[in-house]
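Structure first, commentary second.
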Amino acid sequence: MRVLVLSLALSLVAQALAAFEIEERMSFPVPDAAARLRVISTADAGLFSPFIDAFQARNPGIAVDYVMVSSSQINVALAEEGERFDLAISSAMDLQIQLANDGLARPYRSVATGSLPDWARWRDRVFAFTLEPATVVLSRDAFEGLDLPRTRQDLITALRDNPDRFAGRIGTYDVRESGLGYLFATQDGRTSETFWRLVQVIGGLQPQLYGASAAMIEDVAEGRLAVAYNVLGSYAQLRDDLGERIHLIAPDDFTTVMMRTALIPSTAEATEAAGRFIDHLIETGWTEGGGRFASPGITPGTMSENASLRPIQLGPGLLVYLDRLKRRQFLEEWEAAMVQPR
Amino acid sequence: MSRPRPSPGSIRRRLTLQLLTGAAVMAVVLFLIVYNFAREIGAESQDTILAASATAILDATTVQSGEVRIDIPYSAFTMLDNTADDRVFYRITQDGAGLTGYDDLPAARLDPGASAGFDTVTYRGAALRLATLSRLVSIDGTPARIDVSVGQTRDAQAEMLARILRMTVLLGLGFFAASAGLAVLAGQSTAASLRRLAASVSRRGPADLRPVVAEVPREMRPLVKSLNSLISRLSGALNRTEDFIAEAAHRVRTPLATVRAHADNTLRRVDKEENRAALREMIRAIDESSRAAGQLLDHAMVSLRADQLELTSVALRPLVGELVDRLRPLADLKDMDLHFDDPQDAEIMGDAILIQNAVRNLIDNAIKYAPPETPVEVALTANGGQATLTIRDRGRGFPITGTEGLTGRFARGENAADVVGSGLGLTIAEEVARAHRGTLTIANIDGGPGACVSLSFPLH
């Protein structure tokens with residue numbers, strides 16, 4: 001009996017230890033590691049590893065453990081379970097702001113963070129290091145004979161006029177599952193009513209719902225999708241091999257721009273290494289034209305010139321759509337439009 | 001035991017110090033007032049924006065099918081965004097039960113009947129300014145109370161306060177510096193009017209005893225009045241003294257001269273040797289008294305006039321020549337040759353009466369102390385910016401023990417006991433020389449008996 005209780009307790013502990021869902025885990029060991037940096041991130045390890053390699057080349061002696069999770073799991077791990085991580089990197093700006101606002105991030109100041117413009121950092125805790133637009137990815141084949149849309153209105157018209165061609169071939173984020181999808185959708189909804197009309201139209205065409213950008217891009221390339229809405233342009237940009245088959249649009253009416261951010265959780269232990277990693281991210285992200293996450297034509301300089309680029313502001317406003325009631329209402333509306341009975 | 005009275009010190013320093021102390025107190029008061037005022041305004045502005053945020057949330061509260069729906073406007077939180085990126089917390093309750101937001105966030109105390117309350121609380125380790133607004137909504141006819149609390153950390157407040165603190169400190173210091181400058185000026189201008197009065201009094205000539213008429217501030221008028229009264233009393237006293245001396249000279253000399261004349265006459269008629277000796281003794285005593293009285297009065301006159309010297313141009317040759325002529329009969333009595341060597345004239349600025357007194361006393365001394373049938377030489381020279389009158393005799397000279405002290409009042413040489421004298425002659429000459437910035441030099445003639453006395457005055 002006692003043995004049973006003990007094993008039950010042990011299994012509960014084990015479950016609690018790994019209650020947040022890890023999607024991918026990678027180690028970047030170094031011989032004679034002086035420090036071990038534990039990174040929790042929403043970016044694909046494969047996409048992110050060049051950052052880490054460059055970091056380790058400049059800072060020998062720091063081993064990196066990289067854990068990839070979905071954006072909501074970062075908050076589960078840090079806020080609810082108090083997991084020890086030295087760095088949290090996420091595309092879900094709202095969740096990062098919430099972590100910092102709730103006092104779960106450490107302040108960090110350096111020459112690099114001081115060089116950031118005001119809108120790219122918050123409270124010396126959340127630091128942006130990329131500018132990534134939410135784009136529309138089109139299949140060139142599917143638009144055979146049609147003008148390629150340049151705005152959401154164009155897209156709405158194209159979808160409305162050709163329901164047979166597009167039925168079942170529209171993909172977008174399932175905002176109930178994806179933090180980034182929710183962030184994009186809420187910002188779109190905040191910016192323009194056109195978004196809701198587009199959602200209505202998409203909802204009538206039996207859309208496919210996804211959890212990540214990469215899969216949508218893949219499906220557009222494979223011809224399973226004709227249109228993927230709100231896809232991270234940076235991911236599409238990386239797929240040079242698909243250049244012939246897909247077409248990337250940053251809508252002219254407005255393009256929501258997400259900033260990938262990093263913060264040092266309050267549970268961090270290797271804070272010095274974490275600080276150096278943030279400096280590294282800022283230096284490679286901003287000064288080398290966005291590094292791996294670069295998007296053509298989008299730099300801090302062009303942001304102010306191009307009126308259609310709408311960067312998501314780091315600030316307490318992002319807490320609004322995290323509100324329980326607000327989220328419920330938004331999802332109700334979204335579901336009503338998007339998940340229509342056939 | 002009386003306490004020692006504080007030293008009067010300097011008016012300027014005291015006034016400046018008092019004004020500076022006042023300025024320092026004013027600067028501190030100014031600092032406190034401005035700082036507190038700014039702090040209150042800062043707190044009020046934060047309260048205003050927190051209330052606006054809570055109001056925006058309340059305005060977005062609706063009841064749909066018996067359920068409270070709250071569609072928090074995006075602006076409700078973006079309006080709280082500030083340069084310090086302050087943290088924001090909120091909580092919405094329905095009849096005290098949490099609807100959404102941070103469940104452990106406290107609410108600000110609402111006064112009964114009030115719809116808004118503000119409070120400063122500590123939440124999650126940070127000081128939070130909290131606004132709670134309350135509103136009643138009707139749910140199917142039942143009233144329900146919705147409370148919206150919006151809290152914000154005070155980093156921006158602290159930053160603003162630090163900025164205001166710096167500015168206010170500068171303001172206080174600037175105010176103090178300006179006041180200090182004015183205080184120094186005020187002290188100087190007060191002292192200046194005193195200095196002007198002092199200057200106008202000290203600029204006067206020694207004989208100028210007119211009342212002071214300088215324009216002075218009202219507070220100083222009593223001082224000038226007392227000063228003028230003092231001057232007029234002094235002037236009266238001086239005039240009376242001079243009159244008294246002249247009168248005394250007349251009253252003393254005349255009877256003595258009469259008595260001496262009688263004694264002389266009597267001496268001529270008396271044959272008996274012992275009576276003649278007595279008479280000679282008497283004449284000698286009269287001479288001594290007459291001479292002493294004359295010298296005392298001379299000295300008094302010299303002292304009086306030297307204090308308020310009236311300078312006029314004085315030609316020395318005629319002055320000395322006249323004296324030599326007047327004293328020649330005295331020299332003749334002792335068969336002495338009184339010789340005045342005057343190759344050149346010299347003009348100096350001085351008081352003729354005083355100079356006459358000095359020269360007369362010196363020649364008189366020479367005639368008195370030198371033995372009969374010896375020459376007394378008076379010479380006047382002018383060179384090196386000085387006019388020098390030298391009187392030489394073939395007398396016993398000054399005592400070898402030294403000449404110091406001989407110019408003191410009533411001082412007489414150790415070797416002069418047998419000669420009638422008051423000891424005032426050199427004193428008078430010395431005082432006159434000093435009053436004219438000149439010198440009196442007394443010495444013995446090298447290699448022979450005799451004294452040499454030099455009286456020098458600066459030429460113009």
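Worth saying up front: this structure is predicted, and the values here are computed from it rather than measured. So that the names make sense, note that chain A is the first sequence line, chain B the second, and so on, each numbered from 1.
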Original post:
Under a 4.5 Å heavy-atom cutoff, which of B/L80, B/T153, B/I92, B/I72 has the most pairs with chain A?
Top reply: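 Highest number of pairs under 4.5 Å: B/I72.
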Original post:
Can you tell me if A/R324 uses its side chain to pair, donor with acceptor, with the backbone of B/L99 under 3.5 Å?
Top reply: yes
Subject >> Qualifying side chain to side chain donor-acceptor pair (under 3.5 Å) pairs, either residue in residues 127-139 of chain B, two or more places apart >> reply: B/D47-B/R129, B/D59-B/R135, B/T120-B/R129, B/T132-B/S149, B/S134-B/R145, B/S134-B/D147
**OP:** Could you tell me which non-hydrogen atom of A/P316 sits nearest to which non-hydrogen atom of B/V88, and how far apart they are?
**Re:** CB-CG2, 3.6 Å
Value rounded to 0.5 Å, distance of [atom1] in [X] from [atom2] in [Y]:
| X | Y | atom1 | atom2 | result |
| --- | --- | --- | --- | --- |
| B/D85 | A/N101 | CG | CG | 10.5 Å |
| A/D323 | B/F77 | CG | CZ | 7.0 Å |
| A/W119 | B/D81 | CH2 | CG | 14.5 Å |

Decide yes or no for [X] and [Y]: does some side-chain heavy atom of the first lie under 4.5 Å from some side-chain heavy atom of the second?
| X | Y | answer |
| --- | --- | --- |
| A/D102 | B/F89 | yes |
| A/Q313 | B/T78 | no |
| A/K326 | B/Y74 | no |

Counting only heavy atoms from other residues, nucleotides and ligands, does the tally under 6.0 Å from [atom1] of [X] exceed 12?
| X | atom1 | result |
| --- | --- | --- |
| A/E332 | CD | yes |
| A/E272 | CD | no |
| B/R13 | CZ | no |

Is [X] in contact with chain A via its backbone, its side chain, both, or neither, using a 4.5 Å heavy-atom distance?
| X | answer |
| --- | --- |
| B/A126 | neither |
| B/S75 | neither |
| B/E67 | side chain |
| B/Y102 | side chain |

Original post:
Is chain B contacted by the side chain of A/F330, its backbone, both, or neither, given a heavy-atom distance below 4.5 Å?
Top reply: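 Neither part.
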Original post:
Contact part of A/L314 toward chain B, heavy-atom cut-off under 4.5 Å: side chain, backbone, both or neither?
Top reply: backbone
**OP:** Walk me through it: do B/D71 and A/R328 pass the test salt bridge (Lys or Arg N to Asp or Glu O under 4.0 Å)?
**Re:** CA-CA 10 Å; B/D71 189 16; A/R328 200 175 72 199; over 6 Å; no
Subject >> Short N-O contact, A/R123 and B/D155, less than 4.0 angstrom >> reply: yes
